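Keep in mind that this is a model prediction, so the values were computed, not measured. In what follows, chains are A, B, ... by sequence order, proteins preceding strands, each numbered from 1. Hydrogens, waters and symmetry mates play no part in the numbers below; they use all other heavy atoms, side chains included.
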Amino acid sequence: MGVTHVLVRIDRISEHVGQEIKIGGWLYNKRSSGKIQFLQLRDGTGFVQGVLVKNQVEPEVWETAKQLTQESSLYVWGVVRADERAPSGYELDVTKVEIIQLAEEYPIQKKEHGVDFLMDHRHLWIRSPRQRAILKIRAEIIRAIQDHLNQQGFTLVDPPILTPSACEGTTNLFHTKYFDEDAYLTQSGQLYMEAAAMALNRVYSFGPTFRAEKSKTRRHLIEFWMIEPEMAFVDHEGNLEIQEQLVAHIVDHVLNHCQAELKTLGRDLSALEKVKAPFPRITYDEAVELLHREGFSDFQWGDDFGAPHETKIAESFDRPVFITHYPTEVKAFYMKPDPNRPEVVLCADLIAPEGYGEIIGGSQRIDDPELLAERFEVHRLPKEAYAWYLDLRKYGSVPHSGFGLGLERTVAWICGLEHVRETIPFPRMLNRLYP
RNA sequence: UCCUCAGUAGCUCAAUGGUAGAGCACCCGGCUGUUAACCGGUAGGUUGCAGGUUCGAGUCCUGCCUGAGGAGCCA
């Protein structure tokens, strides 16, 4: 028999007031005076302070506690007591301490550190309350997405990670070998999801994505995770409704399940509470007019928006905002042109509030085989490599739409973070492959 | 790839071209309610690397390396 079945989790400690319990955890910090010691304990589920008074515990227990170093692992026995002075409302009057391992001098201290130092120690940094809160919220966001999509009749489909060629043919891919052939790490599962939508109707993927871009900003990772839903028989307007319901559900779920974590992060909840469907929609044309009014007078129709433009547009709204009908030229080859106005496509980017930028890019896809072939010519894509994709329009093509939601940008926005590097356990960035 | 900034003790940072320092952490001692506890003490250095200017360089100059912020590109 293991020991875990008798351990109490710190997040359940309120159920054990007055009882003597055993917890397994780590010493997060220690404060002491001559005759009293305060042990700051964490077990991954929460934090609690253990208290030892010298003349109330066995001398061996006192001496054992005195030896403890920061991040030493240990079992602690003690009696749970409600205490208004404790941040969590509960304390543990320690009766016994058993050291599992006495930690060496711990590199991360309870003070400010530089980014480079913390990233070098990411494997330890994730133990801190703030990083723990972010990773918990990330997990709850994933749960909210899967719960919502499953409930809406979507089926999870996993596209390949090793691919024979580019999905969109624009960004730089990570090259590798597939025995004697060339292969690339996926930059999007979308084209495969279009195939899946013709088989299973409403589908979504959730997986890692790789971009070998020399991007070096607070919004970029080399390896990141995307949710890519694809829906048969759904048009542009239906696509937007599915997106706004999903995002509103994510925010609602986090507000309902992560109050403690949001508090740890100091997140402004009022900004999140405003995130209710429907979201405002403006066309690309209207966005350009808005930019002209707001000081970007040299912005030309036909240009794509940069980060400062997205931020300015987002500032005009208190909820995420859809920008629709971009010029065909600046968007991907598979997007369906507006039948009434072929110079723009039936697409939308969802821009998060507070300057977090684009969190969703989506569109209605081209379903006409001849038009799709034409787009291949314009974009100079090799038809042989995409023969299977073109097949989808030959054998029962239907109107369909889809989108990709960037998980890390969504986590950064909901958590109110400065940089996406904190939203993923071990970020892969331009200058970082370690740890 | 381009622009801007930075690199000094384990960490965070000071030091007018003139003896390299402080706080925190570690270690030792003190303290009965601490919240990044506090008080006293010990120890801790190839100032990113290579050149150059100078009587003298952490400081000025040149090149390189590493990192950060941003741009482009994107989610």
Side-chain angles (χ1 to χ4, degrees), chain A residues 28-40 47-57 62 66-67 69-71 81 83-88 91 93 103-121 124-125 128-130 167-168 170-173 186-190 207-228 303-311 330-332 349-352 356-362 403-413 418-421 423-424 429-432:
Chain A
Y28 169 58
N29 192 20
K30 180 174 72 175
R31 300 185 195 89
S32 66
S33 30
K35 289 171 183 158
I36 187 164
Q37 296 187 66
F38 299 100
L39 309 181
Q40 312 292 328
F47 297 82
V48 71
Q49 174 165 272
V51 183
L52 291 88
V53 175
K54 191 171 187 181
N55 60 17
Q56 292 170 18
V57 297
W62 179 261
K66 251 179 110 170
Q67 289 176 35
T69 53
Q70 190 183 359
E71 287 302 315
R81 173 171 45 74
D83 192 310
E84 287 182 3
R85 292 169 292 191
S88 68
E91 288 192 338
D93 286 324
E104 294 180 29
E105 184 178 344
Y106 191 64
I108 298 180
Q109 297 162 19
K110 294 175 63 61
K111 60 196 280 294
E112 286 181 29
H113 289 286
V115 170
D116 192 40
F117 177 83
L118 288 170
M119 292 307 310
D120 280 341
H121 296 85
L124 303 176
W125 189 21
S128 72
R130 175 183 163 83
C167 275
E168 301 187 18
T170 51
T171 56
N172 294 315
L173 305 180
T186 181
Q187 62 154 345
S188 168
Q190 184 204 309
T209 304
F210 308 88
R211 304 266 167 102
E213 291 286 343
K214 304 271 184 182
S215 297
K216 192 170 148 37
T217 80
R218 70 184 65 191
R219 297 179 303 280
H220 287 87
L221 294 170
I222 300 300
E223 175 183 308
F224 64 98
W225 289 65
M226 274 207 295
I227 291 85
E228 295 186 276
D303 291 345
D304 204 354
F305 300 127
H309 306 121
E310 285 183 357
T311 301
V330 303
K331 286 294 181 184
D349 286 352
L350 184 66
I351 311 297
Y356 283 94
E358 180 185 346
I359 55 172
I360 289 181
F403 61 96
L405 183 151
L407 178 64
E408 284 75 16
R409 285 188 184 176
T410 303
V411 175
W413 162 49
E418 286 293 315
H419 201 298
V420 291
R421 66 187 159 218
T423 64
I424 186 166
M429 295 180 293
L430 187 53
N431 295 309
R432 182 167 295 280

Could you give the [atom1]-to-[atom2] distance, from [X] to [N], as a whole number of Å?
{"X": "A:D93", "N": "B:G33", "atom1": "CG", "atom2": "C1'", "answer": "12 Å"}
{"X": "A:K111", "N": "B:C13", "atom1": "NZ", "atom2": "C1'", "answer": "9 Å"}
{"X": "A:N29", "N": "B:C24", "atom1": "CG", "atom2": "P", "answer": "14 Å"}
{"X": "A:L173", "N": "B:C73", "atom1": "CG", "atom2": "P", "answer": "18 Å"}
{"X": "A:F224", "N": "B:A75", "atom1": "CZ", "atom2": "P", "answer": "7 Å"}
{"X": "A:L350", "N": "B:A75", "atom1": "CG", "atom2": "C1'", "answer": "11 Å"}
{"X": "A:F210", "N": "B:C73", "atom1": "CZ", "atom2": "C1'", "answer": "19 Å"}
{"X": "A:F305", "N": "B:G72", "atom1": "CZ", "atom2": "C1'", "answer": "17 Å"}

Give me the distance, rounded to whole Å, that separates [N] from [M] when you measure between the [atom1] atoms they each carry.
{"N": "B:A20", "M": "B:C24", "atom1": "P", "value": "24 Å"}
{"N": "B:U16", "M": "B:G48", "atom1": "P", "value": "16 Å"}
{"N": "B:G69", "M": "B:G56", "atom1": "C1'", "value": "37 Å"}
{"N": "B:C49", "M": "B:G44", "atom1": "C1'", "value": "24 Å"}
{"N": "B:A14", "M": "B:A22", "atom1": "C1'", "value": "7 Å"}

Would you say [X] reaches [N]'s phosphate, i.e. side-chain N/O to OP1/OP2 under 4.0 Å?
{"X": "A:R219", "N": "B:A71", "answer": "yes"}
{"X": "A:H419", "N": "B:G69", "answer": "yes"}
{"X": "A:R130", "N": "B:A36", "answer": "no"}

**Message:** In dot-bracket form, 5' to 3', how is RNA chain B paired? Count Watson-Crick and G-U wobble pairs only if both distances fall under 3.5 Å, and write | where the partner sits on another strand.
**Reply:** (((((((..((((....[..))))..((((.......))))......(((((..]....))))))))))))....
Grab the N/O contacts between the protein and nucleotides 1-8 of chain B below 3.5 Å, and write none if there aren't any.
residue: B:U1; atom: O4; partner: A:K214; partner atom: O; Å: 3.1

**Spatial distance of atom CE (A:M226) from atom CZ (A:F403) [nearest 0.5 Å]** = 11.5 Å
base_contact_polar ([N] base, [X] side chain, donor-acceptor, <3.5 Å):
{"X": "A:H113", "N": "B:C11", "answer": "no"}
{"X": "A:E91", "N": "B:G33", "answer": "yes"}
{"X": "A:Q49", "N": "B:U34", "answer": "yes"}

**Prompt:** Can you find a pair of side-chain heavy atoms, one from A:R432 and one from A:D116, that are under 4.5 Å apart?
**Reply:** yes
**Prompt:** Can you find a pair of side-chain heavy atoms, one from A:P129 and one from A:Y28, that are under 4.5 Å apart?
**Reply:**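 A side-chain contact exists here, since the closest heavy-atom pair is under 4.5 Å.
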**Closest-nucleotide ordering on RNA chain B, the 5'-leading residue of A:Y106 and A:Q109** =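 Taking each residue's closest nucleotide, the earlier one in sequence belongs to A:Q109.
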**Item:** Contact nearer the 5' end of RNA chain B, comparing A:E418 with A:V330
**Value:** A:E418
Filtered N/O pairs between nucleotides 26-31 of chain B and protein, under 3.5 Å:
residue: B:C26; atom: O4'; partner: A:E105; partner atom: OE2; Å: 3.4
residue: B:C31; atom: N3; partner: A:S32; partner atom: O; Å: 3.4

**Item:** Closest listed nucleotide, where the reference is the side chain of A:D116 and the choices are B:A36, B:G67, B:A75
**Value:**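 Looking only at heavy atoms from C-beta outward on A:D116, the closest nucleotide is B:G67.
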